[in-house]
Protein chains: 2
Amino acid sequence: MARPRDTAVDAKVLEAARALLRERGYAGFALDEAAARAEVARTTVYRRWPSKDHLVVAAFATMFETAPIRETGDVRADLTGTLTAIAAGLRLPATRALVAELIAAGTRHPELGDALRPLWTQRRTAAAELIDRAVARGELAADADPALIIDQLVGPLYYRVLISGDPIDDCFARALVDTTLARHR
Amino acid sequence: MARPRDTAVDAKVLEAARALLRERGYAGFALDEAAARAEVARTTVYRRWPSKDHLVVAAFATMFETAPIRETGDVRADLTGTLTAIAAGLRLPATRALVAELIAAGTRHPELGDALRPLWTQRRTAAAELIDRAVARGELAADADPALIIDQLVGPLYYRVLISGDPIDDCFARALVDTTLARHR
DNA sequence: CGAGTTCCGCTACGCGTGTTTCGTAACGAG
DNA sequence: CTCGTTACGAAACACGCGTAGCGGAACTCG
C-alpha cells in the first residue's frame, strides 16, 4: 500500500557516486555532492544507503568489471596473464587507495565485507577453474590444491601493493607463476 | 631561542592515544578525548601531529612489538613458527580492523605509508635472514630468492585476512611452508 | 473520490575533524 | 632584568557525516 520508491533515484545517485568516485577518489567523495549531482536531497540518499561507506561500496560494485580471461590451454601463460591483469589494475595509485579504503570499510561494516568479497574473489574463482582444467589435462599434478596455489599467486600481489610497497612488475608476476607451478608438475 | 616544547606532552598524548586505541580501536578513537586524557588542549596535539591519522600511526609505532623468533635450526619449524605468530595476531578482529585502517591511512598520507613499512617488514627481514642462514647451511637450494619466498608465505596470510576472509588456521600456515619449501630443496 | 500510507525535500541538530585567531605564560638571549 | 620568541590554552569557525522531525505531495486501495 502507498507510494512506491522512485527507482530512477537509485540509478541517478549511483551514477553520480560513480562519477565522483572516479574524479576524486574515496577521500574527496562527499555524500552531499553526490546527492546534489543526482538532484536529490541528502536525506533521500540516507534512506537507501545507511552510510557513505554503503553508498561507495554499492557504486563500486556497479563499476567493477573484470575482463574475461582468454584461455590458451597453457596454464603458465593463462595464470601469468591473469596476474599481470590484476597487477596492472593495482599499480594505479587511485585504484590502490580505493582498494585500501574499501577494505577498511569492509572491516567497519561486516555486511560490506560480505558484499565486497564476491567482487574480489571473482577473478580468483575463474583462476581456480583454470587450474582445475590444467589438472584434468594432466598439465598439473593431481594433488594440486587450487585454493592454495591461488593464494600463493594473488596474495603476494596484494601484499606488495598494500603493505610492503614493493613494485609489482610483470617480471615479478612471472616469477610467482614459475616457482608456484614448478612444485606441482 | 625562545620557549622549548614540553616533551612530557608528547609522552602523555602518546600514552593516552595508545590506551584509547586499545580500548575503542580506530573507529572509536576521538582526538578530542586523547587530548582530554592527556590533559592537554586539542590545538597542542595538532601542533605535533597534523592529523588523527598521524597521531594514530605514531601511537601504533610505539606499541607495535614483535617477539623475537627462536631459531631451532630447522627452517621448516622456524618459518612455521613465524607464520603462526603472524597469523595469531591477525586473527584478532580488533587487530584486523586496525591494520586495515592503518593501511588506508598509509595510502591517504604517503609519509605515513613510509613510516609504517618498516614496522610491517620487520618480521619479514628477520625471516629473510632465517632463509639466508638455511641456504648457507645447505638446507635450501642456493638459487632460493628470500624475498620471493617470503612474499609467497606472508602474502597469502594478509590476503586471506584482509580480502578473501578465509580462515588462517595453523594448518594453512603449515601447508604454505610445506609447498614453498618443497620447491627449493 | 476519499482516506491512509509512504516517499521526498527541507531544516535543524549533535558530533568529530581540522584550521584560525587571540591572549597569556614560559623560556632563552642579551 | 628586559625583550623577543615561542608554546600553550581557549574559543570560534568551516566542513562532512549521520539523525530526527516536519510539511507537502504522490501513490494505492477501498
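Numbered from 1 within each chain, the chains take letters A, B, ... in sequence-line order. Note that the structure is predicted; figures quoted are calculated from it, not measured.
The distance from atom NE2 of B:H54 to atom P of C:dT17 is 15 Å, rounded to the nearest whole Å. In this structure, B:W49 places its CH2 atom 17 Å from C1' of C:dT17, rounding to the nearest Å. As a whole-Å value, the separation of B:K52 NZ from C:dG16 C1' is 8 Å.
The salt bridge (Lys or Arg N to Asp or Glu O under 4.0 Å) analysis of residues 48-60 of chain A, with sequence neighbours excluded, yields the pairs A:D10-A:R48, A:D53-A:R108. Listed by first then second residue, pairs satisfying side chain to side chain donor-acceptor pair (under 3.5 Å) with a partner in residues 126-150 of chain A read A:E71-A:R133, A:R137-A:E139, not counting sequence neighbours. Annotation: ring pair (Phe, Tyr, Trp, His ring centres under 6.0 Å) contacts involving residues 5-47 of chain A, sequence neighbours excluded, are absent.
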Contacts under 3.5 angstrom, residues 56-70 of chain B side chains, donor-acceptor by atom type, not counting sequence neighbours:
unit_1, atom_1, unit_2, atom_2, d
B:T62, OG1, B:R18, NH1, 2.6
B:T62, OG1, B:A59, O, 2.7
B:T66, OG1, B:Q122, NE2, 3.0

Under 3.5 Å, which donor-acceptor pairs do the side chains of residues 153-164 of chain B form with other protein atoms, sequence neighbours left out?
unit_1, atom_1, unit_2, atom_2, d
B:R160, NE, A:D151, OD2, 2.7
B:R160, NH1, B:P167, O, 2.8
B:R160, NH2, A:D151, OD2, 3.0
B:S164, OG, B:D166, N, 3.2
B:S164, OG, B:D166, OD2, 3.1

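The salt bridge (Lys or Arg N to Asp or Glu O under 4.0 Å) check on A:R117 picks up A:D114, with sequence neighbours excluded. For B:D74, there are no salt bridge (Lys or Arg N to Asp or Glu O under 4.0 Å) partners at least two apart in sequence or on another chain. Checked against salt bridge (Lys or Arg N to Asp or Glu O under 4.0 Å), A:R76 has the following partners two or more places apart in sequence or in another chain: A:D178. With sequence neighbours left out, B:R91 forms a salt bridge (Lys or Arg N to Asp or Glu O under 4.0 Å) with B:D170.
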Reading nucleotides 19-30 of chain C from the 5' end, what letters show protein touch, with B for base, S for backbone sugar-phosphate only, - for no heavy atom under 4.0 Å?
BB----BBBS--
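Proximity of residues 18-31 of chain A to DNA chain C (heavy atom under 4.0 angstrom from any strand atom) is not detected for any residue.
Put simply, chain B comes within 4.0 Å of DNA chain D, heavy atom to any atom, from D:dT5 to D:dA12, going 5' to 3'.
Heavy-atom nearest nucleotides on DNA chain C were determined for B:D53 and for A:V40, and the one closer to the 5' end corresponds to A:V40.
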Check step by step if salt bridge (Lys or Arg N to Asp or Glu O under 4.0 Å) holds for A:E15 and A:R37.
CA-CA 9 Å; A:E15 170 60 32; A:R37 286 202 191 187; over 6 Å; no
